[in-house]
Amino acid sequence: MRKKITIFGSTGSVGDSTLDILNLHKDKFELIGLTINKNYKKLINQIKIFKPKVVSIRDEIAYQEFKKENPDPSIEVLSGKDCLVDILDYEVDFIMASIVGSAGLLPVIKAAEKGIDIGLANKESLVCSGNILKKILNKTKSNLLPIDSEHNAIFQVFEKSNQDQIEKIILTASGGPFFKKTCKDLAHITPEQAIEHPNWKMGKKISVDSATLMNKGLEFIEAHYLFDMPTNKIDVIIHPQSIIHSCVEYRDGSILSQMGTPDMKTPIAYALSYPKRTNASVQKLDLTKLSKLTFFKPDHRSFPSLNLAISSLEQGGSAPTVLNAANEIAVEAFLNKRISFLSISKVVDLTLNKSNICEMNNIEDVLNIDKESREISESMIEKFV
(Lines give C-alpha, C1' and ligand atoms only; values in the text may rest on other atoms or scores of the structure.)
Protein backbone atom coordinates (compact mmCIF):
# COMPACT_ATOMS: atom_id res chain seq x y z
CA MET A 1 0.00 0.00 0.00
CA ARG A 2 1.15 3.52 -0.72
CA LYS A 3 1.98 5.76 2.23
CA LYS A 4 -0.61 8.55 2.60
CA ILE A 5 0.92 12.03 2.96
CA THR A 6 -0.28 15.52 3.88
CA ILE A 7 2.07 18.48 3.50
CA PHE A 8 1.75 21.44 5.85
CA GLY A 9 3.22 24.49 4.12
CA SER A 10 3.22 23.08 0.60
CA THR A 11 4.26 26.31 -1.16
CA GLY A 12 7.53 26.74 0.77
CA SER A 13 10.91 25.29 -0.18
CA VAL A 14 10.45 22.12 1.91
CA GLY A 15 6.97 21.68 0.45
CA ASP A 16 8.36 22.00 -3.08
CA SER A 17 11.07 19.42 -2.40
CA THR A 18 8.59 17.03 -0.78
CA LEU A 19 6.31 17.20 -3.81
CA ASP A 20 9.31 16.49 -6.06
CA ILE A 21 10.00 13.30 -4.10
CA LEU A 22 6.33 12.26 -4.21
CA ASN A 23 6.24 12.87 -7.95
CA LEU A 24 9.33 10.71 -8.37
CA HIS A 25 7.79 7.81 -6.42
CA LYS A 26 4.09 7.71 -7.27
CA ASP A 27 4.10 3.98 -6.59
CA LYS A 28 5.16 4.53 -2.97
CA PHE A 29 3.29 7.66 -1.86
CA GLU A 30 -0.23 9.02 -2.15
CA LEU A 31 -0.81 12.75 -1.61
CA ILE A 32 -3.89 13.41 0.52
CA GLY A 33 -3.70 17.04 1.58
CA LEU A 34 -1.92 20.37 1.13
CA THR A 35 -2.02 23.42 3.37
CA ILE A 36 -1.03 27.01 2.63
CA ASN A 37 -1.28 30.45 4.15
CA LYS A 38 -1.60 32.95 1.28
CA ASN A 39 0.01 31.68 -1.94
CA TYR A 40 -3.17 30.35 -3.55
CA LYS A 41 -1.87 30.74 -7.12
CA LYS A 42 0.96 28.32 -6.45
CA LEU A 43 -1.50 25.99 -4.73
CA ILE A 44 -3.62 25.98 -7.89
CA ASN A 45 -0.62 24.80 -9.91
CA GLN A 46 0.11 22.10 -7.34
CA ILE A 47 -3.49 20.87 -7.49
CA LYS A 48 -3.35 20.56 -11.27
CA ILE A 49 -0.25 18.37 -11.04
CA PHE A 50 -0.73 16.35 -7.83
CA LYS A 51 -4.53 16.22 -7.39
CA PRO A 52 -4.85 16.07 -3.57
CA LYS A 53 -8.15 15.16 -1.94
CA VAL A 54 -8.25 18.18 0.38
CA VAL A 55 -6.56 21.57 0.78
CA SER A 56 -6.48 23.99 3.68
CA ILE A 57 -6.10 27.77 3.20
CA ARG A 58 -5.48 29.78 6.35
CA ASP A 59 -5.70 33.32 4.98
CA GLU A 60 -9.30 34.42 4.37
CA ILE A 61 -8.52 36.63 1.36
CA ALA A 62 -6.50 33.87 -0.28
CA TYR A 63 -9.36 31.44 0.41
CA GLN A 64 -11.89 33.70 -1.32
CA GLU A 65 -9.60 34.21 -4.33
CA PHE A 66 -8.92 30.49 -4.55
CA LYS A 67 -12.65 29.71 -4.67
CA LYS A 68 -12.97 31.90 -7.77
CA GLU A 69 -10.13 30.12 -9.60
CA ASN A 70 -10.31 26.60 -8.17
CA PRO A 71 -9.46 24.24 -11.07
CA ASP A 72 -10.95 21.15 -9.39
CA PRO A 73 -14.47 21.56 -7.91
CA SER A 74 -14.33 18.01 -6.53
CA ILE A 75 -11.57 18.89 -4.09
CA GLU A 76 -12.47 19.59 -0.46
CA VAL A 77 -11.42 23.10 0.61
CA LEU A 78 -10.99 24.00 4.29
CA SER A 79 -10.56 27.49 5.76
CA GLY A 80 -10.81 29.34 9.04
CA LYS A 81 -8.75 29.41 12.22
CA ASP A 82 -9.02 25.63 12.78
CA CYS A 83 -8.37 24.50 9.21
CA LEU A 84 -4.80 23.34 9.91
CA VAL A 85 -6.14 20.94 12.53
CA ASP A 86 -9.32 19.97 10.66
CA ILE A 87 -7.32 18.62 7.72
CA LEU A 88 -6.00 15.90 10.03
CA ASP A 89 -9.48 14.35 10.00
CA TYR A 90 -8.48 13.03 6.56
CA GLU A 91 -6.59 9.87 7.39
CA VAL A 92 -2.86 9.90 6.62
CA ASP A 93 0.21 7.94 7.64
CA PHE A 94 2.68 10.82 7.58
CA ILE A 95 2.63 14.61 7.68
CA MET A 96 5.38 16.89 6.47
CA ALA A 97 5.35 19.73 9.03
CA SER A 98 7.01 22.61 7.20
CA ILE A 99 5.01 25.65 8.28
CA VAL A 100 7.46 28.31 9.44
CA GLY A 101 6.92 29.78 12.89
CA SER A 102 4.61 29.04 15.80
CA ALA A 103 1.63 28.70 13.42
CA GLY A 104 2.90 25.18 12.74
CA LEU A 105 2.90 24.16 16.40
CA LEU A 106 -0.72 23.07 16.89
CA PRO A 107 -0.91 20.79 13.80
CA VAL A 108 2.20 18.93 15.02
CA ILE A 109 0.72 18.46 18.49
CA LYS A 110 -2.59 17.21 17.06
CA ALA A 111 -0.84 14.86 14.61
CA ALA A 112 1.17 13.39 17.47
CA GLU A 113 -2.01 12.88 19.50
CA LYS A 114 -3.49 10.96 16.55
CA GLY A 115 -0.39 8.73 16.31
CA ILE A 116 0.58 10.04 12.87
CA ASP A 117 4.26 9.94 11.92
CA ILE A 118 5.74 13.43 11.58
CA GLY A 119 8.48 14.76 9.34
CA LEU A 120 9.53 17.76 11.41
CA ALA A 121 10.78 20.78 9.49
CA ASN A 122 9.03 23.14 11.91
CA LYS A 123 11.59 24.03 14.58
CA GLU A 124 9.10 25.79 16.80
CA SER A 125 7.25 22.60 17.76
CA LEU A 126 10.18 21.36 19.84
CA VAL A 127 11.64 24.75 20.74
CA CYS A 128 8.34 25.98 22.22
CA SER A 129 6.90 22.78 23.64
CA GLY A 130 9.60 20.13 23.71
CA ASN A 131 8.60 18.40 26.96
CA ILE A 132 4.88 18.54 26.15
CA LEU A 133 5.36 17.10 22.66
CA LYS A 134 7.68 14.34 23.88
CA LYS A 135 5.12 13.16 26.44
CA ILE A 136 2.51 12.87 23.69
CA LEU A 137 4.91 11.00 21.40
CA ASN A 138 5.81 8.54 24.16
CA LYS A 139 2.12 7.82 24.70
CA THR A 140 1.00 7.45 21.07
CA LYS A 141 4.27 6.01 19.67
CA SER A 142 4.14 8.44 16.76
CA ASN A 143 7.54 8.67 15.04
CA LEU A 144 9.19 12.10 14.92
CA LEU A 145 11.60 12.20 11.99
CA PRO A 146 13.81 15.31 11.74
CA ILE A 147 13.96 17.09 8.38
CA ASP A 148 16.58 19.73 9.16
CA SER A 149 19.73 18.48 7.46
CA GLU A 150 21.70 18.69 10.71
CA HIS A 151 19.31 16.70 12.87
CA ASN A 152 18.60 14.27 10.06
CA ALA A 153 22.35 13.67 9.76
CA ILE A 154 22.67 13.00 13.48
CA PHE A 155 19.61 10.73 13.38
CA GLN A 156 21.31 8.61 10.71
CA VAL A 157 24.48 7.98 12.77
CA PHE A 158 23.11 8.21 16.33
CA GLU A 159 23.25 4.76 17.97
CA LYS A 160 20.36 4.93 20.43
CA SER A 161 21.30 1.58 21.94
CA ASN A 162 24.80 2.92 22.67
CA GLN A 163 23.79 6.39 23.84
CA ASP A 164 25.89 6.04 26.98
CA GLN A 165 28.93 5.73 24.69
CA ILE A 166 28.31 9.10 23.01
CA GLU A 167 30.59 11.95 24.08
CA LYS A 168 28.71 14.66 22.20
CA ILE A 169 26.75 15.57 19.11
CA ILE A 170 28.13 18.26 16.80
CA LEU A 171 25.85 20.55 14.84
CA THR A 172 27.46 22.10 11.79
CA ALA A 173 26.53 25.59 10.57
CA SER A 174 27.40 27.19 7.25
CA GLY A 175 27.96 30.52 8.97
CA GLY A 176 25.42 32.15 6.67
CA PRO A 177 26.14 35.05 4.30
CA PHE A 178 28.07 37.09 6.89
CA PHE A 179 30.63 34.54 8.07
CA LYS A 180 33.76 36.27 9.50
CA LYS A 181 32.11 39.70 9.49
CA THR A 182 32.46 41.88 12.59
CA CYS A 183 29.84 43.89 14.48
CA LYS A 184 31.03 46.95 12.60
CA ASP A 185 30.51 45.16 9.27
CA LEU A 186 27.00 44.09 10.31
CA ALA A 187 25.79 47.53 11.32
CA HIS A 188 24.32 48.39 7.93
CA ILE A 189 23.19 44.98 6.62
CA THR A 190 19.99 45.09 4.56
CA PRO A 191 17.21 42.49 4.40
CA GLU A 192 18.13 41.86 0.76
CA GLN A 193 21.66 40.90 1.81
CA ALA A 194 20.50 38.79 4.74
CA ILE A 195 18.22 36.51 2.71
CA GLU A 196 20.96 35.57 0.21
CA HIS A 197 22.20 32.33 1.74
CA PRO A 198 25.42 31.04 0.11
CA ASN A 199 24.51 27.34 0.09
CA TRP A 200 20.82 26.68 0.74
CA LYS A 201 17.58 27.78 -0.90
CA MET A 202 15.31 28.80 1.97
CA GLY A 203 12.50 31.19 2.86
CA LYS A 204 13.18 34.73 4.08
CA LYS A 205 12.63 34.12 7.79
CA ILE A 206 14.88 31.08 8.08
CA SER A 207 17.50 32.78 5.88
CA VAL A 208 17.68 35.70 8.32
CA ASP A 209 17.87 33.22 11.21
CA SER A 210 20.82 31.59 9.46
CA ALA A 211 22.48 34.98 9.03
CA THR A 212 22.14 35.79 12.77
CA LEU A 213 22.99 32.19 13.84
CA MET A 214 19.63 32.06 15.66
CA ASN A 215 18.78 29.17 13.35
CA LYS A 216 21.61 27.20 14.88
CA GLY A 217 20.46 28.23 18.35
CA LEU A 218 16.98 26.89 17.65
CA GLU A 219 18.54 23.69 16.29
CA PHE A 220 20.59 23.40 19.49
CA ILE A 221 17.35 23.39 21.49
CA GLU A 222 15.78 20.90 19.09
CA ALA A 223 18.78 18.58 19.35
CA HIS A 224 18.44 18.52 23.13
CA TYR A 225 14.88 17.22 22.85
CA LEU A 226 15.34 14.98 19.83
CA PHE A 227 18.34 13.07 21.20
CA ASP A 228 17.98 13.48 24.99
CA MET A 229 21.36 15.16 25.21
CA PRO A 230 22.32 17.71 27.91
CA THR A 231 23.63 21.10 26.81
CA ASN A 232 27.23 20.22 27.71
CA LYS A 233 27.10 17.37 25.18
CA ILE A 234 25.96 19.49 22.24
CA ASP A 235 28.47 21.51 20.25
CA VAL A 236 28.23 23.90 17.29
CA ILE A 237 30.95 24.44 14.69
CA ILE A 238 31.03 26.52 11.51
CA HIS A 239 31.51 24.50 8.32
CA PRO A 240 31.16 26.88 5.35
CA GLN A 241 31.03 24.19 2.66
CA SER A 242 27.83 22.55 4.03
CA ILE A 243 29.07 19.09 3.01
CA ILE A 244 29.21 17.47 6.45
CA HIS A 245 25.73 17.89 7.88
CA SER A 246 26.58 17.14 11.54
CA CYS A 247 28.43 14.51 13.54
CA VAL A 248 28.27 12.21 16.55
CA GLU A 249 31.42 11.73 18.62
CA TYR A 250 31.78 8.44 20.51
CA ARG A 251 33.81 7.58 23.58
CA ASP A 252 36.41 5.61 21.61
CA GLY A 253 37.37 8.69 19.57
CA SER A 254 35.25 7.84 16.52
CA ILE A 255 33.35 10.71 14.91
CA LEU A 256 30.55 9.53 12.62
CA SER A 257 29.09 12.03 10.17
CA GLN A 258 26.66 12.17 7.27
CA MET A 259 27.88 13.86 4.10
CA GLY A 260 26.11 15.00 0.97
CA THR A 261 25.42 17.90 -1.33
CA PRO A 262 23.37 20.71 0.30
CA ASP A 263 19.94 19.63 -0.94
CA MET A 264 16.88 19.22 1.31
CA LYS A 265 15.58 16.41 -0.87
CA THR A 266 18.05 14.02 0.79
CA PRO A 267 16.70 14.31 4.38
CA ILE A 268 13.13 14.55 3.07
CA ALA A 269 13.47 11.30 1.11
CA TYR A 270 15.05 9.61 4.11
CA ALA A 271 12.20 10.65 6.41
CA LEU A 272 9.46 9.73 3.93
CA SER A 273 10.90 6.27 3.37
CA TYR A 274 12.23 5.51 6.86
CA PRO A 275 13.44 2.93 7.84
CA LYS A 276 14.23 2.23 4.18
CA ARG A 277 15.92 4.55 1.69
CA THR A 278 14.77 5.75 -1.69
CA ASN A 279 16.17 7.70 -4.62
CA ALA A 280 16.07 11.46 -3.96
CA SER A 281 17.24 12.49 -7.42
CA VAL A 282 19.91 14.83 -6.08
CA GLN A 283 23.36 15.63 -7.38
CA LYS A 284 25.70 13.00 -5.95
CA LEU A 285 28.69 14.11 -3.89
CA ASP A 286 31.98 13.57 -5.77
CA LEU A 287 34.67 13.37 -3.10
CA THR A 288 37.44 13.75 -5.68
CA LYS A 289 36.18 17.25 -6.51
CA LEU A 290 36.22 18.54 -2.92
CA SER A 291 39.08 20.98 -2.56
CA LYS A 292 38.83 21.32 1.23
CA LEU A 293 36.56 20.98 4.24
CA THR A 294 37.10 23.65 6.88
CA PHE A 295 35.78 24.14 10.41
CA PHE A 296 35.71 27.13 12.76
CA LYS A 297 34.38 28.11 16.17
CA PRO A 298 31.34 30.42 16.16
CA ASP A 299 31.91 34.13 16.76
CA HIS A 300 29.64 34.67 19.75
CA ARG A 301 30.45 38.38 20.00
CA SER A 302 29.30 39.30 16.50
CA PHE A 303 26.48 36.73 16.53
CA PRO A 304 25.00 36.70 20.07
CA SER A 305 21.76 34.94 19.08
CA LEU A 306 23.34 31.51 19.44
CA ASN A 307 24.22 32.14 23.09
CA LEU A 308 20.77 33.59 23.75
CA ALA A 309 19.20 30.35 22.54
CA ILE A 310 21.53 28.13 24.57
CA SER A 311 20.97 30.25 27.68
CA SER A 312 17.19 30.02 27.25
CA LEU A 313 17.40 26.23 27.14
CA GLU A 314 19.52 26.18 30.29
CA GLN A 315 17.07 28.54 32.00
CA GLY A 316 14.24 26.19 31.09
CA GLY A 317 10.50 26.63 31.52
CA SER A 318 9.00 29.10 29.09
CA ALA A 319 12.31 30.77 28.17
CA PRO A 320 12.73 29.00 24.78
CA THR A 321 9.11 29.84 23.92
CA VAL A 322 9.75 33.50 24.71
CA LEU A 323 12.98 33.42 22.70
CA ASN A 324 11.24 31.99 19.65
CA ALA A 325 8.31 34.43 19.73
CA ALA A 326 10.61 37.42 20.21
CA ASN A 327 12.83 36.31 17.37
CA GLU A 328 9.89 35.91 14.98
CA ILE A 329 8.67 39.42 15.76
CA ALA A 330 12.18 40.90 15.51
CA VAL A 331 12.96 39.19 12.20
CA GLU A 332 9.68 40.40 10.72
CA ALA A 333 10.50 43.93 11.87
CA PHE A 334 13.94 43.69 10.26
CA LEU A 335 12.50 42.40 6.98
CA ASN A 336 10.08 45.34 7.03
CA LYS A 337 13.07 47.68 7.65
CA ARG A 338 11.76 48.83 11.03
CA ILE A 339 14.91 47.78 12.92
CA SER A 340 18.53 47.04 12.04
CA PHE A 341 20.13 43.63 11.65
CA LEU A 342 22.00 43.97 14.95
CA SER A 343 18.80 44.98 16.73
CA ILE A 344 17.25 41.53 16.15
CA SER A 345 19.25 39.92 18.96
CA LYS A 346 18.79 43.00 21.16
CA VAL A 347 15.00 42.74 20.90
CA VAL A 348 15.17 39.04 21.81
CA ASP A 349 17.44 39.73 24.79
CA LEU A 350 15.24 42.56 26.07
CA THR A 351 12.11 40.43 25.72
CA LEU A 352 13.67 37.57 27.68
CA ASN A 353 14.68 39.97 30.45
CA LYS A 354 11.22 41.56 30.54
CA SER A 355 9.27 38.26 30.56
CA ASN A 356 8.15 36.22 33.53
CA ILE A 357 9.72 32.82 32.89
CA CYS A 358 7.48 30.05 34.21
CA GLU A 359 6.65 26.37 33.85
CA MET A 360 4.27 25.24 31.09
CA ASN A 361 1.99 22.25 31.59
CA ASN A 362 -0.06 22.12 28.39
CA ILE A 363 -0.33 23.53 24.88
CA GLU A 364 -2.66 26.32 26.08
CA ASP A 365 0.14 27.57 28.35
CA VAL A 366 2.51 27.57 25.37
CA LEU A 367 0.11 29.56 23.19
CA ASN A 368 -0.52 32.09 25.96
CA ILE A 369 3.21 32.60 26.55
CA ASP A 370 3.76 32.95 22.82
CA LYS A 371 1.08 35.65 22.59
CA GLU A 372 2.38 37.58 25.62
CA SER A 373 5.97 37.41 24.34
CA ARG A 374 5.00 38.83 20.96
CA GLU A 375 3.31 41.78 22.66
CA ILE A 376 6.40 42.45 24.78
CA SER A 377 8.63 42.18 21.71
CA GLU A 378 6.54 44.72 19.83
CA SER A 379 6.91 47.15 22.73
CA MET A 380 10.68 46.58 22.69
CA ILE A 381 10.86 47.28 18.97
CA GLU A 382 9.34 50.70 19.57
CA LYS A 383 12.53 51.57 21.44
CA PHE A 384 14.52 51.11 18.20
CA VAL A 385 12.12 52.79 15.77
Side-chain angles (χ1 to χ4, degrees), residues 119-121 123 126-127 130 143-176 179-180 197-200 210 213-271 273-277 280 282-300 303 305-307 309-310 313-314:
L120 190 67
K123 292 177 172 55
L126 280 172
V127 171
N143 288 315
L144 190 67
L145 301 161
I147 301 299
D148 277 340
S149 62
E150 295 82 2
H151 300 118
N152 192 273
I154 292 170
F155 185 79
Q156 293 190 44
V157 295
F158 190 95
E159 297 176 7
K160 186 71 175 177
S161 60
N162 288 322
Q163 187 163 345
D164 62 333
Q165 302 297 309
I166 295 175
E167 287 288 318
K168 62 181 176 180
I169 56 178
I170 304 168
L171 293 164
T172 58
S174 70
F179 175 54
K180 291 192 174 180
H197 195 282
N199 299 336
W200 296 93
S210 179
L213 288 193
M214 178 59 84
N215 191 49
K216 209 51 51 179
L218 298 176
E219 289 177 3
F220 191 104
I221 298 170
E222 277 190 284
H224 163 73
Y225 289 114
L226 281 168
F227 304 108
D228 295 314
M229 298 296 283
T231 56
N232 65 344
K233 287 195 171 187
I234 307 173
D235 201 3
V236 174
I237 59 173
I238 306 298
H239 171 50
Q241 294 80 24
S242 296
I243 296 299
I244 292 178
H245 300 297
S246 287
C247 318
V248 177
E249 181 178 327
Y250 288 86
R251 184 174 295 175
D252 62 3
S254 300
I255 295 181
L256 304 186
S257 65
Q258 184 263 343
M259 303 173 68
T261 53
D263 192 323
M264 286 304 297
K265 290 179 188 175
T266 297
I268 288 170
Y270 183 78
S273 302
Y274 181 81
K276 298 181 179 180
R277 293 179 185 265
V282 300
Q283 181 181 350
K284 298 298 172 58
L285 182 64
D286 186 343
L287 295 175
T288 65
K289 292 183 178 179
L290 293 179
S291 57
K292 61 180 178 180
L293 298 176
T294 55
F295 306 91
F296 306 88
K297 292 183 178 181
D299 177 358
H300 295 285
F303 302 92
S305 292
L306 176 57
N307 273 350
I310 296 171
L313 177 61
E314 292 172 339

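None of the values given here were measured: they were computed from a predicted structure. Throughout, numbering of the chain's residues begins at 1 and tracks the sequence.
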Open item on the list: Looking at E219, is its backbone amide N or carbonyl O close enough to the side chain of H151 to form a donor-acceptor pair, meaning the two atoms are under 3.5 Å apart?
Closed with: yes

TODO: Using atom types as modelled and distance alone, determine if a side-chain donor or acceptor of H245 lies under 3.5 Å from a backbone N or O of N152.
DONE: no

Task: Whether Q163 side chain and M229 backbone form a donor-acceptor pair below 3.5 Å - done: no

- [ ] Check whether any side-chain heavy atom of F155 lies under 4.5 Å from a side-chain heavy atom of P267, and answer yes or no.
- [x] no

Task: I221 and Y225, any side-chain heavy atoms less than 4.5 Å apart - done: yes

TODO: Please work out whether the ring planes of F158 and F227 are parallel, tilted or perpendicular, with thresholds of 30° and 60°.
DONE: tilted

Open item on the list: Whether the D252 and S254 side chains hold a donor-acceptor pair (N or O, under 3.5 Å, no angle test) is what I'd like checked.
Closed with: yes

Open item on the list: Check whether Q241 reaches the backbone of T294 with its side chain - one donor and one acceptor, N or O, closer than 3.5 Å.
Closed with: yes

Open item on the list: Please report the interatomic distance NZ(K168) to OG1(T231), rounded to the nearest 0.5 Å.
Closed with: 13.0 Å

Open item on the list: Are E249 and I170 packed together at the side-chain level, in the sense that at least one heavy-atom pair is separated by less than 4.5 angstrom?
Closed with: yes

- [ ] State whether the side chain of S246 and the backbone N or O of T172 hold a donor-acceptor pair below 3.5 Å, judged by distance alone.
- [x] yes

TODO: Taking the side chain as every heavy atom from C-beta outward, state whether L144 and L126 have any atom pair closer than 4.5 Å.
DONE: yes

Task: Side chain Y250, main chain E159, donor-acceptor under 3.5 Å - done: yes

Open item on the list: Using modelled atom types and a 3.5 Å cut-off, is there a donor and acceptor pairing between side-chain atoms of S257 and backbone atoms of I244?
Closed with: no

TODO: Consider only side-chain N and O atoms of Q165 and N162, and report whether a donor and an acceptor are under 3.5 Å apart.
DONE: no

- [ ] Can you establish whether the number of heavy atoms outside K160 located under 6.0 Å from its atom NZ is more than 12?
- [x] yes

TODO: Test side-chain contact (heavy atoms from CB on, under 4.5 Å) on L171 and E222 and set out the steps.
DONE: CA-CA 11 Å; L171 293 164; E222 277 190 284; over 6 Å; no

